[in-house]
Structure formats: C-alpha cells, structure tokens
Amino acid sequence: MLLGTVLVLLLFGATPASAHAALRSTDPDDGSVVRQAPRHVTLTFTESVGLLDDSFRVFGPDQRRVHTDEAAHADGRSETARVGLPGKLAQGTYTVAWRVVSADSHPVSGAFTFSVGKRSATTALADTGPAEDPLTRGLYDAARYLAYLAAALLVGTAAFALLCRPAHTSPLRRPLVAAWWTLLGSTAVLLLLRAPYETGAGPATAFDTSALGRTLTGRPGLALLARLAVLLLTAAFLLRLSRHRDTRERPVTLAIGTALAAALALTWAAAEHASAGIQVPLAMTSSVLHLLATGVWLGGLVALLLTLRRSSGEDLAEVVPRFSRIAFASVTVLAVTGVYQSWRGLGSLSALTGTSYGRLLLAKLAGVFVLLLVAGYSRRWTARIAAPAAPARAAVPARVPQPVGAPAAGQTAAESGTREPETPGEPETPDGPAKPGSGSGDPGIRRRLRRSVLVEVAVAAAVLMITTVLTGTLPSRAQAEAAQQAPVGALPPTTEITVPFDTGTGSVTGSGKVQVTLDPARVGDNGVQAIVLGSDTYLVVVPEVRITFTLPSKKVGPIDAELTDRGGYWSTNSVNLPLAGNWTMKTTVRVSDVDQVSVERQVRVEP
C-alpha cells in the first residue's frame with residue numbers, strides 16, 4: 001500500500017514544465033537601482049522548484065554576507081522563491097546568489113545584482129562560492145552509473161530466465177544476486193549524497209540529519225525510497241521463484257515480474273527528464289519502456305554469455321533463438337522510444353552539433369550503431385546454432401560379389417564373426433556419429449558466438465555510461481527556452497574597458513589606469529562609470545575625469561559623457577549614443593592643474 005502511494009505521487013505529481021527550471025524574472029530587477037531598500041528578493045521560474053536551506057546568499061557592497069530569513073515560496077506559488085531582507089540596507093550594489101532544484105531533480109543556480117540608492121564604486125561580483133563540489137558530483141555520477149548497470153543486469157537476467165527458459169538456471173543466480181546488492185547499495189549512496197549534491201556541498205555533509213530529512217520529503221528522495229521498496233519486493237519474488245518452479249504458474253510469474261520491472265523503471269522516469277517538459281505522461285511511458293527494453297537486451301546479453309559457457313548443445317538450440325527474437329523486439333522498442341526522446345530533448349536539428357546534449361546524443365548513437373553491427377554479426381552464429389539437424393540418409397547396401405567367408409544374406413557381421421565395413425561420410429566423434437547441419441554442439445560456433453556477445457556487452461557498458469552523463473545534462477530544448485526567458489528588466493552584460501595612462505610626472509597619481517564600465521553598450525541611453533587606480537593599484541582621487549564618444553564612420557561626436565564626481569568614482573546614467581558601430585572613446589585624466597593625459601580606445605555599441 002505504501003509503495004503504491006509513493007508511486008502514484010511520483011507519477012501524477014509531475015507537472016508539465018520545461019526540463020531544468022529557467023529563471024523568468026527577478027524582483028528587484030537584475031542590474032536595477034532602487035531608491036528604497038526592498039524587503040524581499042523574489043525569483044520566478046518557468047516551472048516548480050524545490051527550495052534548499054541555503055537557496056539564497058546575499059552579499060553587500062562590502063562583499064560580506066547579509067543575514068536573510070528562511071527561503072519560501074511567494075504566495076504559495078511553487079514556481080517562485082523568496083527570501084526576506086533586513087530592515088536597513090546600506091547604499092551600494094548587492095549580489096544575490098541563488099540555488100534551487102528543478103522538477104526533474106537537477107540543481108540550478110545563478111546570481112544577479114541590484115543596487116540601493118546608487119551603484120558601488122566597483123562592479124565586481126562577490127565570491128559566491130563554487131556551484132558544486134567536484135568530489136560529490138563524481139561520487140553521485142558513479143553511483144548513478146552503477147545503478148543503471150545493476151538495474152539492466154537484474155531485469156535482463158530475470159527476463160532471460162523466465163522467457164528463454166534455459167534448462168539450468170544455476171549460472172544465472174550469481175549475477176542476479178550481485179545485481180540486486182549493487183542496485184541496493186548504489187541507491188542507498190544516492191539517497192545519502194542527494195542533499196550535498198543539491199546544495200553543492202562536500203560529501204562529508206551527507207550524514208546531516210536535517211538535510212537527509214529534507215531529501216526524504218522531496219521528489220528525488222521519494223523516488224529513491226520507492227526504488228528501495230521495489231527492491232525488497234523483488235528479493236521476495238526471486239526467492240520464491242528459486243524455490244517453486246511450477247510451470248503452471250508461469251503466466252502469473254511473468255505478470256508479477258513485469259509489474260516489478262515496470263515499477264523499478266518508473267523510479268527513474270519519475271525523477272529525471274521525463275518528469276518535466278512537454279507531454280509528460282507520454283514521455284514517462286516512453287522512458288519506462290526504454291529502460292525496460294535496455295535491461296532486457298543488455299542484461300540478457302550477460303545471461304546469454306553465461307549460458308553459452310555452461311549449457312549443452314541441445315539446450316542452446318532452443319534458448320538462443322528465443323533470446324534472438326526477444327532481443328530483436330527490444331531493439332525495435334529502443335528505436336521507437338529513442339527517436340521520440342531525442343526529438344523531445346533536442347528541439348531542433350541544429351542542437352545536435354551546437355549543444356552539449358546534442359553532441360552527447362551523437363556519441364550515444366554512434367555507440368548504438370557499433371552495438372547493432374556486433375549484434376548483426378552475432379545473429380549469424382545464432383542462426384547456425386538454431387539450424388535444425390539434417391536427417392541422416394539410410395545406407396542402402398550395394399550388390400557386390402561376396403568374398404569367401406562373407407556372411408550370408410540376412411546374416412549380420414557379428415553372427416558371422418567378421419567386421420562390418422565402415423560407411424563413408426559418417427565420421428566418428430567422442431559422442432557418436434556427428435549430425436550434419438547441427439551447430440549447437442559445434443565448439444567453434446559456440447566460441448565465436450561467445451566472443452561476439454562479449455564484445456556486445458563491453459560496447460553496451462560504454463553506451464550506458466554515455467547515457468548516464470546524458471541524463472544529467474541540460475536538454476537542448478530546455479537550454480533554448482532558458483536563453484529566451486531573459487529576466488524581465490534585466491540589463492545586457494556591461495562592457496568594461498581598461499585605459500592605462502601616464503602623465504610623465506613620476507608621482508603615484510601620475511600613472512595608473514582607468515577602469516571604465518559602459519552599461520549596456522547599446523544604442524540609446526547608457527551609463528558610464530570610471531574608477532581611477534594609481535600605479536600601486538589603489539584607488540586615487542584626481543581633479544577631473546572626462547570621457548567623450550565619437551563615431552568617425554558617421555561623423556558623429558564628440559559626445560561628452562559629462563561625468564560627475566561621486567566621491568571616489570565618476571559616473572553618469574544618461575549618455576545617449578544614437579547609432580550602432582565602433583565608437584572611439586577618449587578618456588582624459590587630469591591629475592593636477594597642469595598635468596593631464598588623453599587616451600583613446602575603441603568601443604563596440606550594439607543596436
């Protein structure tokens with residue numbers, strides 16, 4: 001009952017959304033200057049997101065972290081994230097670093113800035129820390145790969161035993177037990193590492209009870225708990241199957257085994273890419289079928305390899321053709337579901353080569369192509385093993401003169417005491433006369449088939465590794481949507497220009513550099529900030545900084561920026577650059593009543 005409830009929550013709790021949440025808007029707007037300090041910072045996403053204990057980190061103008069309230073959803077809307085700010089905030093620029101968990105279980109993070117009263121003298125972002133811990137990410141990905149591998153082996157070996165019906169199943173018990181324990185262990189590791197994976201922390205925080213409690217109530221945690229429950233039921237099923245092998249119960253056994261395998265696959269589909277995006281019900285169904293077909297084919301290859309080593313020729317003549325038909329059906333299901341999932345993840349053909357997701361998909365397709373070539377080679381030897389034995393022709397004695405002492409007509413050689421002549425074309429073997437056309441007993445054919453199946457298993461393991469990386473990569477369709485969902489009111493990236501100067505006076509203020517920021521470097525009104533640094537790289541105060549803009553190709557300018565001394569830096573918010581092109585920015589620095597220098601730099605202004 002508990003397992004059914006968890007699976008229903010996982011299946012029907014997935015809302016149609018874009019895989020990986022995209023930031024839709026921020027309040028305050030990114031790059032904005034507000035007169036009064038806001039009471040909250042609110043983010044709005046394209047899909048529902050999960051919040052963490054450390055979803056927001058706010059840094060003040062002095063680069064120190066600002067104390068905030070606990071993160072929550074704004075007005076109960078699951079696609080929002082909000083955090084309260086202190087009552088009084090000093091003037092300057094604040095950096096907000098955020099991190100949430102998408103509906104498809106992958107963490108998403110970012111940062112933006114806003115200013116209270118005026119922008120700070122420096123526009124450098126505060127150090128918000130690493131986006132993720134590489135050790136945690138490596139351990140998490142390794143556990144995911146082992147889980148995929150173990151699930152394929154568990155499902156495929158069990159399906160091979162039930163559908164191909166080998167005479168001896170004892171060689172399959174060891175891989176079944178190994179796959180079950182590996183899947184159980186990797187699932188437990190994923191459950192422990194889930195919290196540090198979401199927060200980007202180190203693996204040492206895996207045993208934090210509060211973080212673990214939050215994991216167990218989220219969608220990924222529920223999926224992992226459901227997987228553990230399915231594994232316990234699977235153990236009971238396999239134990240009963242090993243003790244009671246009544247052929248009359250085969251339909252019921254197959255139905256129970258299929259239900260458990262589907263439930264196991266659902267724990268992946270309900271917490272990864274299929275659970276978010278377009279056509280969620282169809283995508284989750286396709287994902288379950290894809291995972292089952294992968295397990296039946298790839299796990300079945302391992303079971304076939306073990307069977308080829310242990311079974312007799314007569315048994316192989318029945319088992320190998322059965323698996324060949326099952327493998328063909330599995331490949332067909334993989335092709336149909338794979339095409340649909342590729343279309344759903346890519347969104348466009350150009351994404352195949354223009355995105356990381358597309359390039360990984362091409363690598364997977366190349367691996368599958370090699371796998372199919374090897375499988376086609378294996379089918380040649382499968383057909384030889386499955387070929388029926390040709391009936392031996394009855395030998396008709398020829399009428400030839402009988403030598404003296406030969407047995408009379410109707411008398412056998414044993415009765416006469418003479419040796420019966422050998423019949424040509426029937427060579428003796430240790431097991432008796434060889435059967436023409438029978439390949440199941442040919443050691444050479446079995447050896448070649450074992451080698452080709454072993455190559456299939458090796459290539460399949462590599463393809464499964466690429467699949468593991470692919471499931472953790474932002475889909476191209478979601479990447480394109482995220483690029484289109486620029487935050488409302490966000491400013492384009494600023495253009496920073498460093499202008500070195502030297503008046504030749506030899507003083508500290510006589511040489512240095514001016515750091516100029518042009519914001520947003522587009523046609524229309526622009527903001528300009530200028531910070532003067534001396535030869536010792538410290539901020540210096542000079543009597544005047546003047547900046548003008550000229551567009552020689554259109555004979556426009558010079559346009560004076562009319563900078564104002566803001567007490568440590570010079571700025572303006574109203575420089576109108578009317579045309580796009582390569583403008584000449586002339587920066588003049590006056591360090592005394594008689595000493596000044598002018599330096600020109602090229603600046604690109606976009607439409």
Side-chain angles (χ1 to χ4, degrees), residues 1-8 11 147-184 187 226-269 285 287-308 310-312 314-334 386:
M1 184 64 180
L2 175 62
L3 172 62
T5 303
V6 173
L7 290 178
V8 168
L11 179 59
Y148 274 119
L149 203 63
L153 183 58
L154 181 63
V155 172
T157 306
F160 185 90
L162 291 173
L163 299 176
C164 298
R165 304 189 296 276
H168 303 285
T169 58
S170 55
L172 306 180
R173 293 177 183 173
R174 183 172 294 179
L176 272 175
V177 173
W180 188 89
W181 279 107
T182 302
L183 185 53
L184 181 70
T187 302
R227 189 178 304 169
L228 291 175
V230 174
L231 281 175
L232 294 178
L233 294 177
T234 302
F237 169 75
L238 294 176
L239 186 61
R240 183 182 182 279
L241 187 63
S242 63
R243 294 179 177 178
H244 304 86
R245 298 189 61 186
D246 192 347
T247 56
R248 293 173 299 179
E249 298 181 358
R250 184 175 298 276
V252 177
T253 302
L254 284 174
I256 296 175
T258 302
L260 288 173
L264 194 63
L266 184 59
T267 63
W268 269 278
T285 302
S287 180
V288 169
L289 292 175
H290 196 83
L291 289 169
L292 290 179
T294 300
V296 170
W297 182 25
L298 304 187
L301 285 174
V302 178
L304 177 63
L305 189 62
L306 296 173
T307 303
L308 288 171
R310 302 292 181 87
S311 297
S312 62
E314 294 180 359
D315 187 29
L316 290 178
E318 297 180 358
V319 171
V320 173
R322 289 173 188 161
F323 178 74
S324 181
R325 292 190 294 269
I326 294 171
F328 181 79
S330 299
V331 171
T332 303
V333 173
L334 285 172

- Interatomic spacing from CZ in Arg227 to CG in Leu232 - rounded to 0.5 Å: 13.5 Å
- Between Leu183 and Ala147, what is the shortest heavy-atom contact and its length? CD1-O, 3.6 Å
- Item | Passing candidate, side-chain contact (heavy atoms from CB on, under 4.5 Å) with Val230, options Thr234, Leu233, Leu228 | Thr234
- Query: Could you give the distance from CG (Leu292) to CG (Leu334), rounded to the nearest 0.5 Å?
  - Reply: 10.0 Å
- Query: So, the side chain of Trp180 versus the backbone of Leu231: is there a donor-acceptor pair under 3.5 Å, distance only?
  - Reply: yes
- Message: Could you report the tightest heavy-atom contact between Val296 and Ser330, atom names first, then the distance?
- Response: CG1-OG, 3.4 Å
- If every non-hydrogen atom of Phe237 is compared with every non-hydrogen atom of Leu162, which pair is closest and at what distance? CZ-CD1, 4.4 Å
- Please list, chain by chain and in numerical order, all residues satisfying side-chain contact (heavy atoms from CB on, under 4.5 Å) with Ala152, sequence neighbours excluded. none
- Note on the structure: Contacts of Ala158 meeting side-chain contact (heavy atoms from CB on, under 4.5 Å) (sequence neighbours excluded), chain-then-number -> Leu176
- Item | side chain to side chain contact (heavy atoms under 4.5 Å, CB included) evaluation trace for Leu238 with Leu154 | CA-CA 11 Å; Leu238 294 176; Leu154 181 63; 4.1 Å; yes
- Ala303 and Thr157: which non-hydrogen atoms are nearest, and at how many Å? CB-CA, 4.2 Å
- Item | Partner residues of Leu163 under the side-chain contact (heavy atoms from CB on, under 4.5 Å) criterion, sequence neighbours left out | Ala159, Leu254, Ile326
- Query: How long is the gap from CG on Leu305 to CZ on Phe160, to the nearest 0.5 Å?
  - Reply: 10.0 Å
- Query: For the residue pair Leu172 and Pro166, what are the closest heavy atoms and their distance?
  - Reply: CD1-CG, 4.3 Å
- Please list all pairs passing the salt bridge (Lys or Arg N to Asp or Glu O under 4.0 Å) test where one or both residues lie in residues 150-161, with sequence neighbours left out. none
- Query: Which heavy atom of Ala269 sits nearest a heavy atom of Val288, and at what distance?
  - Reply: CB-CG2, 4.0 Å
- Query: Is any side-chain heavy atom of Thr187 less than 4.5 Å from a side-chain heavy atom of Thr267?
  - Reply: no
- Just jot down the side-chain contact (heavy atoms from CB on, under 4.5 Å) partners of Arg325, sequence neighbours excluded, or say none. Pro321, Arg322
- Run the numbers on Val333 and His290 for side chain to side chain contact (heavy atoms under 4.5 Å, CB included), then give the verdict. CA-CA 7 Å; Val333 173; His290 196 83; over 6 Å; no
- Evaluate the criterion side chain to side chain contact (heavy atoms under 4.5 Å, CB included) for residue pair Phe323 and Thr307; output intermediate values, then yes/no. CA-CA 11 Å; Phe323 178 74; Thr307 303; over 6 Å; no
- Query: Is there a side-chain contact between Arg165 and Val319, using heavy atoms and a 4.5 Å cut-off?
  - Reply: no
- Query: Counting only N and O atoms by type, is there a donor-acceptor contact under 3.5 Å from the side chain of Ser324 to the main-chain atoms of Val320?
  - Reply: no
- Tell me the salt bridge (Lys or Arg N to Asp or Glu O under 4.0 Å) pairs involving residues 287-298, sequence neighbours left out? none
